[in-house]
Amino acid sequence: MSSISDFKGKSARAIVEMALEKAREHESFHALLSLDEKRALERADLVDAGKLKGRLAGVPFIAKDNFLTLESTTTAASHFLENFTAPLQATAIEKLEAEGAICIGKANLDAFAHGGSTENSAFGPTKNAHDDTRVAGGSSGGSAVAVALDIVPFALGTDTGGSIRQPASFNGVIGVKPTYGTVSRYGVVAMASSTDTIGVLAGNVDDAELVMDILSGRDSKDMTTLPDFFKPIVQLDAPKKIGVIKEFMTDDVDAGVREQVTGYIEKLKAQGHTIEEVSLPMLKYALAIYYIVVPAEISSNLGRYDGIRYGERSKDAKTLSEVYGLSRDAGFMPENKRRIMIGSYVLSSGFFDAYYLKAQKARTLLINEFNELFNTYDALIGPVAPTPAFKLGENTADPVKMYLADIMTVPASLAGLPAISVPAGLTDTGLPVGVQLIGPRTSDATLLAIAKGVSA
Amino acid sequence: MTQISHDDVHHLAQLSSLQLADEEAESLRIDLENILGYIEQLSELNTDGVEPTYQVTDLQSIWREDVIDDYGLGREPLLALAPDSEANQIKVPKVL
């Protein structure tokens, strides 16, 4: 895979043309939903003319198609927004463009980012970069595959419960889910506001770090953003104390995954880090908490898709209630409907205390366990997912089975913690396995520095 | 385990403003029952006296001056997004 530094001093037009060519060459993977050739080449010419400068001058990238971009559609991989062109641009895109980066297209995802395989896209699944009979992972599947196929050196993704980390693991690239509040979400299609984060997928740690440095910081258009705390660390000043999460290394986890994670842990030991086994009993409940809290927030956030102000309105609707009901029925995928209806269920009177309130209390207990461990440990480690990429169609008939693919990524999301997915190696059958490093809030740069030490 | 009836699905669909076809409602009924069956395991957990977590930043209410900011977006580009509009207004079917 290319590095951002490979592009230094080269013609931006040539770089962008090559990226567009690669994107077309790999069309069969269906990583991308659209290419914005015109705008990309115009911006490349500005770079070549010296009118556009910055740390990413002339560097091509791809954004998941839930980031609003000017002059091209933003579909969220849904029929609802199939023809939607945004009148504004996401802050994340603006920040990258201000550094001279060039967005060449938009990546496939599970519709509205609901899913863990990119099979819920209204426009068909993305195929895994290492085996096209397997899933890309999701929901940022297109972003991960575009980086793994070396179409671009980095891509933007969103991670609400693992949507950057899990596809990064399945395709052998770096995935960064930052501390909640690190990057502005203005101009990004909302899913679950208490866990939605924006991050990056990249071919190497240095590039991921540079992009995070550019993206992080407060934005008056997103009141949940934190003051900029992200400072790249060239080299760690001292070895770290890292806890191996016992619950993530049981026999239920694929043997090939455990083998690669164990191998990575040996490399950390060789770097001088102290490794000890730790336990978080509340992890057992994390997925249940997640699939109450997140659908609740989804049911509220997706109320905005009414067929009135933007997006598709059903042609068959004759009354106002049909405008809502028929437009939403046609615009959403089955998984969107499941989550909205579960959300309506857990928030409805009579069930609120037993489900939603209970889950938010359990969430506190989970956070307390993390905090307790971070009194002693600098980071925690385990797999990103219990298996490597599964077969296309393998889990689509059983939503609960599909949800289980998120079991190792949702805990950090519920607690707002930074977590990164780092390629650990390949299984015997040649499938990538990612290792997950989780740290206390705002320790994002430390996690990347730990990974840098191993890859150096 | 929680049973979800056909009527429950239609009630939830109504709460969610989804006009479902009958066969889709039945497939969703089965899925919802399975998902609720999974998340119900939380009931075994003791959460007495635990404060709920609604947000994970330490940020408190952030105030700004009460001045209108249109974020650089005028009325026209926003109205242009609406599936139907007339005389500077978004148009919907008659309500009353």
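We name chains A, B, ... by the order of the sequence lines, and we start the count at 1 in each one. In this text the structure is predicted, and so the values were computed from the model without any measurement.
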(request) Can you tell which part of B/Leu73 gets under 4.5 Å to a heavy atom of chain A, answering side chain, backbone, both or neither? (result) side chain
(request) Begin with the C-alpha distance, continue with both residues' side-chain angles, and end with the deciding distance and a verdict on side chain to side chain contact (heavy atoms under 4.5 Å, CB included) for A/Glu322 and B/Gln19. (result) CA-CA 8 Å; A/Glu322 283 178 356; B/Gln19 206 159 314; 3.9 Å; yes
(message) Any donor-acceptor pair under 3.5 Å linking the side-chain atoms of A/Tyr285 with those of B/Glu44?
(response) yes
(request) Considering only heavy atoms and a distance below 4.5 Å, find which of B/Asn34, B/Asp84, B/Leu81 pairs most often with chain A. (result) B/Leu81
(message) Counting heavy-atom pairs under 4.5 Å with chain B, which one of A/Phe332, A/Tyr290, A/Tyr403 comes out on top?
(response) A/Tyr403
(request) Go through the steps to decide whether B/Leu20 and A/Arg328 satisfy the test side chain to side chain contact (heavy atoms under 4.5 Å, CB included), and finish with yes or no. (result) CA-CA 9 Å; B/Leu20 301 174; A/Arg328 288 165 66 80; over 6 Å; no
(message) If I measure from the heavy atoms of chain A, does B/Glu24 come under 4.5 Å with its side chain, its backbone, both, or neither?
(response) side chain
(message) To the nearest 0.5 Å, what is the distance between CD1 on B/Ile39 and CD1 on A/Ile342?
(response) 5.5 Å
(request) Working to the nearest 0.5 Å, report the span between OG of A/Ser321 and CD of B/Gln14. (result) 9.0 Å
(request) Please state whether the side chain, the backbone, both or neither of B/Ile90 comes within less than 4.5 Å of a heavy atom of chain A. (result) side chain
(request) Measure distances from B/Leu59 to the heavy atoms of chain A and classify the residue's part below 4.5 Å as side chain, backbone, both or neither. (result) side chain
(request) Taking the side chain as every heavy atom from C-beta outward, state whether B/Glu51 and A/Lys361 have any pair of such atoms under 4.5 Å apart. (result) no
(request) Please determine, among A/Leu417, A/Asn83, A/Ile292, the option with the most heavy-atom pairs under 4.5 Å with chain B. (result) A/Ile292
(message) Let me confirm one number: the OH-NZ distance from B/Tyr38 to A/Lys401, rounded to the nearest 0.5 Å.
(response) 14.5 Å
(request) With a 4.5 angstrom heavy-atom cut-off, could you sort out which part of B/Val92 is near chain A: side chain, backbone, both or neither? (result) both
(request) Specify which of A/Ile308, A/Asn368, A/Ile340, A/Leu320 makes the most heavy-atom pairs with chain B at under 4.5 Å. (result) A/Ile308
(message) If I compare all heavy atoms of A/Gly311 with all of B/Pro83, which pair ends up nearest, and what's the gap?
(response) O-CG, 3.4 Å
(message) Run the side chain to side chain contact (heavy atoms under 4.5 Å, CB included) test on B/Ser16 and A/Met341 for me, step by step, so that the C-alpha distance in whole Å, both residues' side-chain angles and the decisive distance to 0.1 Å come before the verdict.
(response) CA-CA 6 Å; B/Ser16 310; A/Met341 289 170 74; 3.8 Å; yes
(request) Check the pair B/Thr47 / A/Lys358 against side chain to side chain donor-acceptor pair (under 3.5 Å), numbers first and verdict last. (result) CA-CA 7 Å; B/Thr47 53; A/Lys358 180 90 183 177; 3.3 Å; yes
(request) Write down the atom of B/Leu42, the atom of A/Ala362, and the distance for their closest heavy-atom approach. (result) CD2-CB, 4.0 Å
(request) Dump the intermediate steps for side chain to side chain donor-acceptor pair (under 3.5 Å) on A/Tyr355 and B/Glu40, then the final yes or no. (result) CA-CA 8 Å; A/Tyr355 289 96; B/Glu40 261 165 22; 3.2 Å; yes
(request) Give the member of A/Pro295, A/Ala288, A/Ala317 that has the highest number of heavy-atom pairs under 4.5 Å with chain B. (result) A/Ala288
(message) Pair A/Arg363, B/Val56 - check side chain to side chain contact (heavy atoms under 4.5 Å, CB included), show working.
(response) CA-CA 10 Å; A/Arg363 186 180 187 178; B/Val56 288; 3.9 Å; yes
(message) Only pairs of heavy atoms separated by less than 4.5 Å count here; which of B/Ile4, B/Leu78, B/Asp58, B/Asp8 has the most with chain A?
(response) B/Asp58
(message) Is there a side-chain contact between B/Leu45 and A/Leu365 in this structure, where contact means two heavy atoms from C-beta onward sitting under 4.5 Å apart?
(response) yes
(message) Is B/Ala13 in contact with chain A via its backbone, its side chain, both, or neither, using a 4.5 Å heavy-atom distance?
(response) both
(message) Working to the nearest 0.5 angstrom, can you tell me the gap between A/Ser220 OG and B/Tyr71 OH?
(response) 6.0 Å
(message) Please classify the contact between B/Gln41 and chain A as side chain, backbone, both or neither, with a heavy-atom cut-off of under 4.5 Å.
(response) both
(request) Decide yes or no for B/Gln55 and A/Ser194: does some side-chain heavy atom of the first lie under 4.5 Å from some side-chain heavy atom of the second? (result) no
(request) Please examine the side chains of A/Val323 and B/Pro93, heavy atoms only from C-beta on, and report whether any two atoms are closer than 4.5 Å. (result) yes
(request) Working to the nearest 0.5 Å, report the span between CZ of A/Arg339 and CD1 of B/Ile35. (result) 8.5 Å
(message) Within the structure provided, determine whether B/Thr2 and A/Tyr345 are in side-chain contact (heavy-atom separation under 4.5 Å).
(response) yes
(message) If we count only N and O atoms by modelled type, under 3.5 Å, do the side chains of A/Thr224 and B/Thr57 hold a donor and an acceptor together?
(response) no
(request) Using non-hydrogen atoms and a 4.5 Å limit, figure out which bit of B/Leu28 sits close to chain A: side chain, backbone, both or neither. (result) side chain
(message) How close do B/Pro52 and A/Thr364 get, counting heavy atoms only, and between which atoms?
(response) C-OG1, 3.5 Å
(request) Could you tell me the separation between the CZ atom of A/Arg338 and the CG atom of B/Asp31, rounded to the nearest 0.5 Å? (result) 4.5 Å
